[in-house]
Amino acid sequence: MTDTSADLVILGGGSGGYACAFRAAGLGLSVILIEKDKVGGTCLHRGCIPTKALLHAAEVADIAREGDQFGVKTSLEGIDMNGVNSYKDGIVAGLHKGLLGLVKANKVTLVEGEGKFVGPNTVEVGGTRYTGKNVVLATGSYAKTLPGLDIGGRIVTSDQALSLDYVPEKVVVLGGGVIGVEFASVWRSFGADVTIVEALPRLVPLEDEWASKQVERAFRKRGIKFKTGVRFSGATQTDAAVTVSLESGETFDADLLLVAVGRGPSSSGMGYEEAGVKMDRGFVLTDERLRTNLPNVFAVGDLVPGLQLAHRGFQQGIFIAEEIAGLNPKVIDEAGIPKVTYCNPEVASVGLSEAQAKEKYGSAETLVYNLAGNGKSQILKTSGGIKLIKAPDGPVVGVTMVGERVGELIGEAQLIYSWEAYPEDVAPLIHAHPTQNEAMGEAFLALAGKPLHVHG
Ligand SMILES: Cc1cc2nc3c(=O)[nH]c(=O)nc-3n(C[C@H](O)[C@H](O)[C@H](O)COP(=O)(O)OP(=O)(O)OC[C@H]3O[C@@H](n4cnc5c(N)ncnc54)[C@H](O)[C@@H]3O)c2cc1C
């Protein structure tokens, strides 16, 4: 018989929920993890992993199309979406199997079913009540739409877009944020005619303005069309097409409309409000130690206001487990959470943008290192740059990068940011030559007044 009480009951087995479960189990706590669908949640099944598999397939398509620039005779014969989907689904299935193995190995009790928080320390699933000395609310988020814009047929969110069995010929992407630009990038590489419609004045509007300009320039070169600072007014669909209208009166005909206007908290019908959990527009409010207003009830991940990223969920989940175990973990610095947008080119950042630094410190020192000065980037024929942002007479407070695979370089920037390092502390770090990572070292050399492969 399944245990119905434990040190910890977690409602939701996504990134935040399962990370908390594994760390808590590692600390010797008994854990019940309740999941209505599949352990791994959005990130594994409908988010990070399947999108990155699509992006990799897109990169392979680009390489096949562009082999000539390296003197290699290649051509792209076409995209077999069944093949792409089986590659993507195989990765997801393998990782899911691994996670279920970890649930077992960690002796976490997995309850499969839809749970409702009935408080104060109890979650009910199909008539059975599970009580925990502590409860973690980890029900994540869902893809939002706009009023009057019904999802179905040719109007999809990322959930449906991930399993399309065809490449749309013409697609409109509503929203130029992280999810919108990733799909736009994939479909363009697969040969689609893509238009992004964004209400704010620039693509990737949460990033440094410099990064938006770089992405916009690269997208123009790739033939990805976009309209920024425009307001969507409606969409109508027939069996054959969807027509998207803007408030300006402009219309676009397409095969598909992707609605990528952000994600809302999955909290409706979960019993949170009735149980007295303090909330704001569906998000569960917590203090910096991730405690809700109810004793021994915590919340994690996309359900909590802030960056909606899997690694934030992982870290918060680990934090809660350690907090419950009495280890007094260090509060998570939200600004220190690295962000990566995986379109082509990628955008990666940590800390403050230039505008945020100026707001905080009154002024900011900046340096942009162009990847044209980086040998490996030239070999790979990639372009982009690294922007460093420094507080006046202070440490580096932000790093933003644009370029192919810069997501792989953000780890070092994260360390530098969290160590509150000064350029002269970082400049002596030795980077292997020729690597793309070396560009980070060169950028810091330049900021410290000792430029090498760039003229100061
Ligand atoms: C297209 C897309 C791409 C993304 N790419 C990235 C990326 O590259 N990198 C990154 O860091 N982040 C990415 N994200 C964001 C990332 O997926 C989320 O930040 C992360 O999944 C949040 O984790 P979570 O645990 O809070 O919620 P979720 O992963 O949403 O997990 C919540 C879980 O709770 C379960 N649940 C909900 N209600 C109940 C209930 N009543 N009873 C039982 N179970 C319930 C759900 O089934 C789900 O499994 C992406 C998201 C999308 C949509």
Inset, instruction - Please name the residue in the list His431, His453, Lys376, His433 that meets the side chain to side chain donor-acceptor pair (under 3.5 Å) test with Glu438. - result: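 Of the listed options, the one satisfying the test is His433.
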
Enumerate the salt bridge (charged side-chain N to carboxylate O under 4.0 Å, His left out) contacts for [range], please, sequence neighbours excluded, ordered by first and then second residue.
range: residues 179-188; answer: Lys52-Glu182
range: residues 195-213; answer: Asp208-Lys387
range: residues 419-430; answer: none
range: residues 280-289; answer: Arg289-Glu323

Inset, instruction - Indicate the atoms forming the closest heavy-atom contact of Asp255 with Arg154, along with that distance. - result: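 In terms of heavy atoms, the two residues are closest at O-NH1, 2.9 Å.
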
Going by the rule side chain to side chain contact (heavy atoms under 4.5 Å, CB included), which residues pair with [X] if we only count those two or more places apart in sequence or in a different chain?
X: Asp253; result: Thr243
X: Leu307; result: Leu309, Arg312, Glu334, Ile337, Lys339
X: Glu322; result: Arg23, Leu27, Ile318, Leu327, Pro329

Legend entry - Gln414 atom CD, over 12 foreign heavy atoms within 6.0 Å: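 Yes, because the 6.0 Å sphere around CD of Gln414 holds more than 12 heavy atoms from other groups.
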
Inset, instruction - Please say whether more than 12 non-hydrogen atoms of neighbouring residues, nucleotides or ligands are located less than 6.0 Å from CD in Glu359. - result: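 Counting neighbours around CD of Glu359, 12 or fewer heavy atoms of other residues, nucleotides or ligands fall under 6.0 Å, so no.
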
Legend entry - Spatial distance of atom OH (Tyr361) from atom CG (Leu352) [nearest 0.5 Å]: 6.0 Å

Legend entry - Rounded distance (nearest 0.5 Å) linking atom OG of Ser267 with atom OH of Tyr142: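 That separation rounds to 7.5 Å.
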
Legend entry - Which residues share a disulfide bond (SG atoms under 2.5 Å apart) with Cys43, sequence neighbours left out: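 Cys43: disulfide bond (SG atoms under 2.5 Å apart) contacts with Cys48.
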
Sequence neighbours excluded, which residues qualify as side-chain hydrogen bond (donor to acceptor under 3.5 Å, both in side chains) partners of [X]?
X: Ser141; result: Arg263, Asp302
X: Lys360; result: none
X: Glu404; result: none

Inset, instruction - Can you sort out the partners of Arg405 under salt bridge (Lys or Arg N to Asp or Glu O under 4.0 Å), two or more places apart, ordered by chain and number? - result: Glu59

Inset, instruction - Examine the side chains of Arg222 and Ser185 and answer whether a donor and an acceptor come within less than 3.5 Å of each other. - result: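 Arg222 vs Ser185: donor-acceptor pair found between side chains.
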
Inset, instruction - Name the orientation class of the two ring planes belonging to His56 and Tyr87 (parallel below 30°, tilted from 30 to 60°, perpendicular beyond 60°). - result: tilted

